[in-house]
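Protein chains get the first letters and strands the later ones, always in sequence-line order, with residue 1 at the start of each.
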Number of protein chains: 2
Amino acid sequence: MNNRPPLEVAEVNDTPWLSTEQQRVWRAFLGGSTVLMDQLDRDLRQAHSLSMSEYEILVRLSEAPDRSIRMAELAAQVAHSRSRITHTIARLEKAGMVARGQCSTDGRGVTAVLTDHGFAVLAEAAHTHVRGVHTYLVANATAEEFEALGRIMERITGQLGGRSF
Amino acid sequence: MNNRPPLEVAEVNDTPWLSTEQQRVWRAFLGGSTVLMDQLDRDLRQAHSLSMSEYEILVRLSEAPDRSIRMAELAAQVAHSRSRITHTIARLEKAGMVARGQCSTDGRGVTAVLTDHGFAVLAEAAHTHVRGVHTYLVANATAEEFEALGRIMERITGQLGGRSF
DNA sequence: CGCACTTGATTGAAAGTTAAACCACCAGCT
DNA sequence: AGCTGGTGGTTTAACTTTCAATCAAGTGCG
């Protein structure tokens, strides 16, 4: 059971394996996207003590009518579990960036509302974030490549988008 | 301080903002890659009780000479902190998939070695994983798009690749 | 209405990750 | 040999995320 060819290249049963080239791209994606996200996260933390996911939440809130979104909806938008949103909002609330409100139309509904302070922090952080996206991603792609990236990712989201947590 | 245009579109100071189109692509990437990774992770867990990062470690080990890699080198390959590798390897060791060995050339060096059981688990899991990559990613891109993806991600890794943890 | 059933959100504990302190060993220098 | 500084790895505690249980409020139906 020892002298097989490297796993990812072997041809086994009915599983369609990856070509060497496909594998190269896949690994580039794996490595590249982690390195990219880690860098954006690090930048945000250093400059504004915000994690990437906290930042994303603030962005969504800032764009919503009344700067407020219901917990479940927020969870769906950023693809986190409800539980995680509860905890994260609790932290952001403690930091004074978000407040909780009752939903008017549904007795159990809770809405997260971006405070003025939260908005101010976001306005600062956005500079850091956008600069990062530019220099780490946009600058590393031609217009066509960038467009291609968008198309691929949109199809993936279309295929896997609606999920249960 | 209330009636500004949406944050990500406004033009402020010297920060080069993102065009609406760039923003669309960036969000697609953000959403698409999380949804993709989540799905691959979920598949792996359900079928083989392995997380994506555990799987990646097993893959690296399986490809290395003697199926063993030193801790620090492993950490670098999968872009995790040393500490995280220590913990993860401890878990994999408890599960009997990896063993620890002393490094011959360096007294403090510790090597992680893939056991036969670990290899067997990996051989199973690889089917699940590869099938996932195919149906979620490869199938959602033309050959050109796929190539473009590879180029972008390789450039990013080139720019950000060597990091400290 | 009264019942079962689902959904929205929170809770608390377990699991995983990060951050910082720590120990052991290597390397270079005097 | 004896210092000194740096690297490899583990440990501990703090923090974040997940998992399962819980509770409250909505919905549908006899």
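Side-chain atoms of A/Thr86 come within 3.5 Å of backbone atoms of A/Arg82 as a donor-acceptor pair (strictly under, hydrogens ignored). Using a distance-only test at 3.5 Å, with no hydrogens or angles considered, a donor-acceptor pair links the side chain of B/His134 to the main chain of A/Trp17. B/Gln39 places no side-chain N or O within donor-acceptor distance of the main-chain N or O of B/Gly132, the cut-off being under 3.5 Å. Looking only at distances, no side-chain donor or acceptor of A/Glu73 sits under 3.5 Å from a matching main-chain atom of A/Arg70. Formation of a donor-acceptor pair under 3.5 Å by the A/Thr111 side chain with backbone atoms of A/Gly101 is found in this model.
Looking at residues 91-115 of chain A, you'll see A/Arg91, A/Asp106, A/Gly107, A/Arg108 sit with a heavy atom under 4.0 Å from some atom of DNA chain D.
Sorted by first and then second residue, the pairs that involve residues 26-45 of chain B and meet ring-ring contact (aromatic ring centres under 6.0 Å, His included), not counting sequence neighbours, are A/His129-B/Trp26, B/Trp26-B/Phe29.
Listed nucleotides D/dT17, C/dT10, D/dG9 differ in distance to A/Arg82; the shortest reach to its side chain belongs to C/dT10. Side-chain atoms of B/Thr86 lie closest to D/dT10 of the nucleotides C/dG8, D/dT10, C/dT17. Nearest to the side chain of A/Met71, among C/dT10, D/dT17, C/dG8, sits C/dT10.
The nearest whole Å value for the distance from the CG atom in B/Leu74 to the C1' atom in D/dT7 is 17 Å. Protein atom CG of B/Leu50 is 12 Å distant from nucleotide atom P of C/dG16, rounded to whole Å. Nucleotide C/dT17 holds its P atom 7 Å from the NE2 atom of B/His80, rounded to whole Å. Rounded to a whole Å, the CD1 atom of B/Ile69 is 16 Å from the C1' atom of D/dG8. In this structure, the CZ atom of B/Arg70 is 13 Å from the P atom of C/dC25, given to the nearest Å. In this structure, the CE atom of A/Met37 is 14 Å from the P atom of C/dT18, given to the nearest Å. If you measure from atom CD1 of A/Ile57 to atom P of D/dT16, you get 12 Å, rounded to the nearest angstrom. Spacing between atom CD1 of B/Ile89 and atom P of D/dT11 amounts to 14 Å, rounded to whole angstrom units.
Looking only at atom types and distance, the side chain of B/Arg42 has no donor-acceptor partner in the side chain of B/Gln46 under 3.5 Å away.
A donor-acceptor contact under 3.5 Å links the side chain of B/Ser83 to the base of D/dT11. Contact annotation: side chain of A/His87 to base of D/dT18, donor-acceptor pair present below 3.5 Å.
Closest-nucleotide positions on DNA chain D for B/Ile85 and A/Glu54 were compared, and the one nearer the 5' end corresponds to B/Ile85.
Residue A/Arg45 has no polar side-chain atom (N or O) positioned under 4.0 Å from OP1 or OP2 of C/dT18.
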